[in-house]
Structures are given as C-alpha cells and as structure tokens.
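First the structure, in the form of structure tokens, and then the observations on it.
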Protein chains: 2
Amino acid sequence: MTQTVAGNKGTRRPSGAVATELLDAALVEFSTHGFEAASTRSIAQRAGWHQPQINYHFGSKQELWQVAVDHLFAELTGQLGDLSGIDDAPVEVFRRSLGHFVAFSARRPELHRIMSIEATVDGPRLGWIVDRHARPLAEQVGRAWTLVRAAGAGAQLSPTEVWQLVIGLGARPFASSPEVVRVTGTAPEVAAQLDLLHRLLGL
Amino acid sequence: MTQTVAGNKGTRRPSGAVATELLDAALVEFSTHGFEAASTRSIAQRAGWHQPQINYHFGSKQELWQVAVDHLFAELTGQLGDLSGIDDAPVEVFRRSLGHFVAFSARRPELHRIMSIEATVDGPRLGWIVDRHARPLAEQVGRAWTLVRAAGAGAQLSPTEVWQLVIGLGARPFASSPEVVRVTGTAPEVAAQLDLLHRLLGL
DNA sequence: GTCTATACCGAGATAGAC
DNA sequence: GTCTATCTCGGTATAGAC
C-alpha cells in the first residue's frame, strides 16, 4: 500500500513495517554521521533495501531526512501522553511527562543526536526542525512549568532555564553515552538523571 | 620555520600565525560539518591555502584534526589559569575557573561542537580525545569540586553531576546557539549561564 | 515496483613540474 | 615548498531493462 506525499513531486511513500525499518535505519545513520556524511547507500543496506529505492520512494535524501525526523518526533509525542489534567495537578503531570521524556531520550538517543548536530549551523534544516518540532515542544514545556510555578511548586527557574536543564541533563547524557562511558566509566541511567532533575527543579 | 612532528611519517608542520590561521579554519569546518563531512579543500580555501599543502604539512586529514583539537584544548588550558591556590581557597578558585570555562565556551563554541559530534559514536577519534583531553579535564573538575565540598560549600552534588551541569549549561548552549536563538528568540549570554550555574551549584 | 548500470560530482591523496 | 594535474574512491541521482 502506498500513498502520495503532498508537495513531494509525486513520489510514493510506503507505509507499514517495511518503511518503519528504513526510517529507523535512516535515523541511526543520520544521528551518528550527520546529514551530510550519512549515505543513502548505507541506510538502504542497513534495512535490506537497494539505494535507488530511496530516491523512488522519498524523492531525495533531504525528504527522507524530513520523514524520518517526523517519524521520530511522532514517537516522542506518543510517549509523552496527554497533558489534559495539567490544570488540576500540574506537578504530577509535569513529573510524569518529564519521566517519559527522559526514558524516551535513553531509548531513542537519535533524537537529541540529530538536534545537536543540526543546532550548530543555521540553515534550512535547522529552521524546519525548530519551527515544526523543537519550538512547539519547548513552548509546551514552558507553559507546563508556568503552571507548576503558579501552583507554588518548583524552584525559582524561568521556563527557558528549565528547558536547558531538561535538554542538558535529561537528553544530552544519553545522546553522548559513548563519551560518558569513556569519561566516567559508567553509562548514564534514567533513574539517576531523573532524580538529579527532580532535585534541581525542586519537584 | 618548520618542525617535524614525532610519529608523523616525516611530514613538516608549519608554526606561527600562518599555521594558526589554518587550524582555526579547520576547527570551524570540523565543528560545523563533523570530521567526515568536512573537506580539506574548504579548510584550505578558508585559510587561503591550497588543498595539497594540507597533506604535505600534516600528512592526512586525520592528523590535521588531531593537531587542530590539541590547539583548541591548549587555548582552553591557557584560559583556565593555574589552580595553585585551590587548597587554600577552593570556592574562589572554582568559581573563577568556572567563569573562564563558560567565557571560553562562548568565545570558542567549536570545542563543545566537536566534542558533541564525536561523543555519539565510539571509535578511535573519541578514544583519542577522551584519553588526551576530556577525561583529564573532567577529573580536574571532580577534584576541585571535592575540595569545595570538603570546605563545607556547594550543593549536594557528586563530581559527575557537577561535570554534567558544567557541560550542559556552561558549554552546550553556546555550541547550540543557532538553535537557542531560533527557539527562544535570544542568544545565550555568559553572565546568565554563569548565574544559573552558581545558583544550581550553591556557590 | 524493483533491479542493474551508470552519469556526474566532489572527496582525499599523490606525482611531478617549477 | 608550492603549484597544477590527476588517480581512485564513494556519494546522490537517474535511465532503462525486466
């Protein structure tokens, strides 16, 4: 089963498990080598595809990257769950979402790896990923934190500072786990990072 | 004036301002594109050199990378100053060094950019940079923090947690400044990051 | 739809004139 | 020492057989 992607020059995108395998392969390659150095040959090979199939189904390396990033952020959004009860119990919902975020970052380090690679150079890829994914997420965290503070809980930190803490301590260590292992001797753990965040955030 | 580099297959490394210009160009390219995607042609062009001169003087792209990284860490070490008085006044020396580190990270975001690119894939480059630079620095920070704690100052944080805070809040925001600008609307500032670190570290 | 073959480009490294 | 020219390799993308 195939479906046409709007604005994709008529290329067809396969759905289902087969496509998911290729997108996962793409995320591994893009997150470890960066967009430029990642090769569509390696991505196809990793998923048992042939290289020209990528161009047929996704149109270009660029569009494959976008679809893969969308796929990854959709997975995160699904994990974070609904924030419907945030007005009634802001602290509990914030803590639960934070736990989901840290667990996701440990299980899927590709997301922060891609973000940190793209974050260093301003350009169309960074603009796309920030407008579409990063800024909405940061604003969501900021609003949630504002509710936490309004409820009289949490440390005296601005939404931006909280965002920095969440990324710097909840995502970065897992994205950089090979370095962390070599420097400290042990891999970062979800429970420890979460406990550290709770202490610093005053939750 | 030239000098031979030990274990460099007899290649000659130029010294002085001319070489510094090339190393700076190399750091810009390596830190924004990553080792694999950076091209020696671009590096040479940026410094007004021709591409084959890089191979003549440094032997290979790999060795150029190592010399450039050494150059960058030497600059950081020079900025951090001496820690001789750390036993007498640990808090003051720690705060001063932290200030120098954050200021350096803002002025030279290339260091953390290169570290975070290399941190995601275990391999010879990561091993080299950790053994030679990152672990010694982390251990130095750990020892300094232990002295701070022994003096009864600072928050209840382990040396590893302090290291994570220093990197995550003192270096990462500047390395990712294009993203920070797009997400928050303003660039990270040395004084603000330093103030945040002081509050979290209890200094 | 999926393959092979290939066009086209740019990479790192090297040879050789000067 | 520094240049031009070039070798070899691997990248994306495309053409065309099946």
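No hydrogens, no waters, no symmetry mates; every other heavy atom, side chains included, goes into these values. Order of the sequence lines fixes the chain letters, A, B, ..., with proteins taken first and strands second; residue numbering starts at 1 for each chain.
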Distance in angstrom units between [X] [atom1] and [N] [atom2], rounded:
X        : N       : atom1 : atom2 : answer
Ile43(A) : dG10(D) : CD1   : C1'   : 15 Å
Leu64(A) : dT12(D) : CG    : C1'   : 12 Å
Gln45(B) : dT2(D)  : CD    : P     : 18 Å
Glu29(B) : dG12(C) : CD    : C1'   : 15 Å
Ile54(A) : dG11(D) : CD1   : C1'   : 12 Å
His33(B) : dA11(C) : NE2   : C1'   : 14 Å
Phe30(A) : dT12(D) : CZ    : C1'   : 12 Å
Lys61(A) : dA13(D) : NZ    : P     : 8 Å

Mutual orientation of the aromatic rings belonging to Trp65(B) and Trp128(B) [parallel < 30°, tilted 30-60°, perpendicular > 60°]: tilted
Given Glu75(B) and Arg107(B), is the salt bridge (Lys or Arg N to Asp or Glu O under 4.0 Å) satisfied, shown in steps? CA-CA 11 Å; Glu75(B) 199 179 321; Arg107(B) 203 167 46 77; 3.7 Å; yes
Please classify the nucleic acid contact of Ala37(A) as base, sugar-phosphate, or nothing, using heavy-atom distances under 4.0 Å. nothing
So Ala44(A), base contact, sugar-phosphate only, or nothing? Heavy-atom distance under 4.0 Å. nothing
For residues Phe94(A) and Ala144(A), report the shortest heavy-atom separation together with the two atoms involved. CD1-CB, 3.8 Å
Return the [atom1] to [atom2] distance between [X] and [Y], rounded to the nearest 0.5 Å.
X         : Y         : atom1 : atom2 : answer
Arg182(A) : Leu126(B) : CZ    : CG    : 5.0 Å
His112(A) : Ser176(A) : NE2   : OG    : 6.0 Å
Trp163(A) : Ile167(A) : CH2   : CD1   : 4.0 Å

For Asp24(A), run the side chain to side chain contact (heavy atoms under 4.5 Å, CB included) check against Arg108(A), Glu29(A), Arg46(A) and tell me which one passes.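 The side chain to side chain contact (heavy atoms under 4.5 Å, CB included) with Asp24(A) is passed solely by Arg108(A) among Arg108(A), Glu29(A), Arg46(A).
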Does Asn55(B) put a side-chain nitrogen or oxygen below 4.0 Å from OP1 or OP2 of dG12(C)? no
Report yes if a side-chain nitrogen or oxygen of His57(B) is closer than 4.0 Å to either non-bridging phosphate oxygen (OP1 or OP2) of dT2(D); otherwise report no. yes
Side-chain contact check for Tyr56(B): nearest option of dG1(D), dG12(C), dA13(D) is dG1(D)
What pairs of nitrogen or oxygen atoms, one from the protein and one from nucleotides 3-6 of chain D, lie under 3.5 Å apart?
unit_1: dC3(D); atom_1: OP2; unit_2: Gln53(B); atom_2: OE1; d: 2.5
unit_1: dT4(D); atom_1: OP2; unit_2: His50(B); atom_2: ND1; d: 3.4

